[in-house]
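We name chains A, B, ... by the order of the sequence lines, and we start the count at 1 in each one.
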There are 2 protein chains.
Amino acid sequence: MTPEPLSRARIVRAAIDLIEREGADAVSMRRIAADLGVGAMSLYNHVPSKAALLDGVAEAILSEIEFTDDPDAHWTDRVRTQARAFRQIAHHYPRCTMVVVSRQLTSPAGLLPVERALSTLREAGFDARDAVRVLRLFIAYIVGSLLREVGVTPTFAPVGSILPRVADIDPALFPVVASLYDTLRDCDAEEEFEFGLEILVQAIQALPRRPGAAT
Amino acid sequence: MTPEPLSRARIVRAAIDLIEREGADAVSMRRIAADLGVGAMSLYNHVPSKAALLDGVAEAILSEIEFTDDPDAHWTDRVRTQARAFRQIAHHYPRCTMVVVSRQLTSPAGLLPVERALSTLREAGFDARDAVRVLRLFIAYIVGSLLREVGVTPTFAPVGSILPRVADIDPALFPVVASLYDTLRDCDAEEEFEFGLEILVQAIQALPRRPGAAT
DNA sequence: AGCGTGGCACGTACGGTGTACGTGCGTCAA
DNA sequence: TTGACGCACGTACACCGTACGTGCCACGCT
């Protein structure tokens, strides 16, 4: 009946599809099993628990990041490209983003991006300590940005924005927020991400680095 | 029997305590009710749903942020202070941090920090657009940092660090990660947060601002 | 004082969840 | 041929969120 046999990969795939289709709250072992046309308990022959399944989801998505790393490009451009790759994947799986960032994996699945980034930074002349710190700075910024972006676009229509309705804001209590309401309201996520990214890139470019490294 | 009558505030408080004591997975209406010595359904006389209760948790924690804002201080120091205030509250409720950042509230509860921050930035001479962008840059950085910090300290002992055990890393596949393992491993969260914060502050200080504003 | 009324704690019940466990069928190895 | 093993399946249990009905008690009005 089922063309392919059940497998961990197929289960993870079904979970991802389900999350994208109906949101993370809709995931249940029974539901995923139903989507695969099998009984709920059959999943446990390939996955030890629901938690492990969600780890698999995070792992699979992280490993889908595309690295078109051009070794000839300037290191700052490579950093930019890698940061955008992270963001890209989150936009490809918007409803999954939350589950990816919320579970911290102990598997080496998400290590390849780290490897690439650290490699780029070391080549750029950062010492070990600064390379790690800069990497973490970027990851923090990217994760934080994505969290807000997917929050603003919860389902399809962000009818209720993250901002309270304008009527709920008391200008006496929050004068600045009230005056900036329109600016806070409309946000071009792409443009804002690039704004922060550029600031970070410029800032770390000004950091002291080992002389003789790539300019 | 119960000294004080049931109330939304008392329920939220119990939820926070429970999360801090046993983790977010342990929260259930029955459990919270038991901790309060009442029946499960009694909670619904004060809280419409579990989701609303968790919103209340986020709201309560956010509103606990202490703002000892010194109007005489340089605006860069005020920015630093506000950023640290965010981090402080997350460290006061480490297990709650995830639930706070994971639900985006539509209530004006978390608006006061935004008001303060925007006010500071406007006074510093940023135009409306840049003030909002800079605020979001900082929020992204702070949220991302906290997410990693609370992830590294899941319970008390981070026996399984976010890094895979050193034995699991294949130096052939991840040479840079392997060589930087020790640096990646030990991290002084406070020091790293300050590192990124300082970079951000320096960077936005170099941004063009309205002339005549605070230097 | 008598009486209505509304708030609030409570218990029961229903549909759903993760998963421990036992069962039976298929397909390979000896 | 037979044994073992893999794997899909169903049942069962404890727990979850919460809709709904019941009864107590403290209050406002006449």
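Ring geometry, Trp75(A) versus Phe126(A): the interplanar angle exceeds 60°, so the pair is classed perpendicular (tilted spans 30 to 60°).
A salt bridge links Asp77(B) with Arg80(B): the closest approach of a Lys/Arg side-chain nitrogen to an acidic carboxylate oxygen falls below 4.0 angstrom. Using a cutoff of 4.0 Å between basic side-chain nitrogens and carboxylate oxygens, Glu192(B) and Arg133(A) are not scored as salt-bridged. For Asp70(B) and Arg78(B), the salt-bridge test fails: no basic side-chain N is under 4.0 Å from an acidic carboxylate O. Using a 4.0 Å cut-off between charged nitrogen and carboxylate oxygen, Arg31(B) and Asp35(B) count as a salt-bridge pair.
For the pair Tyr44(B) OH and dG11(C) P, the interatomic distance rounds to 16 Å; values are reported in whole Å. The CE atom of Met29(A) sits 16 Å away from the C1' atom of dG10(D) (whole-angstrom rounding). For the pair Ile32(B) CD1 and dT18(D) C1', the interatomic distance rounds to 14 Å; values are reported in whole Å. Here the P atom of nucleotide dC15(D) and the NZ atom of Lys50(A) are 18 Å apart, to the nearest Å.
The base of dT17(C) has none of its N or O atoms less than 3.5 Å from a complementary donor or acceptor on the side chain of Arg31(A). One can find a donor-acceptor pair under 3.5 Å joining the base of dG18(C) and the side-chain atoms of Arg30(A).
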Protein and nucleotides 5-9 of chain C: nitrogen or oxygen contacts under 3.5 angstrom:
| residue | atom | partner | partner atom | Å |
| --- | --- | --- | --- | --- |
| dA9(C) | OP2 | His46(B) | NE2 | 2.9 |
| dA9(C) | N7 | Asn45(B) | ND2 | 2.9 |

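Aromatic pair Phe86(A)/Phe138(A): centroids not less than 6.0 angstrom apart.
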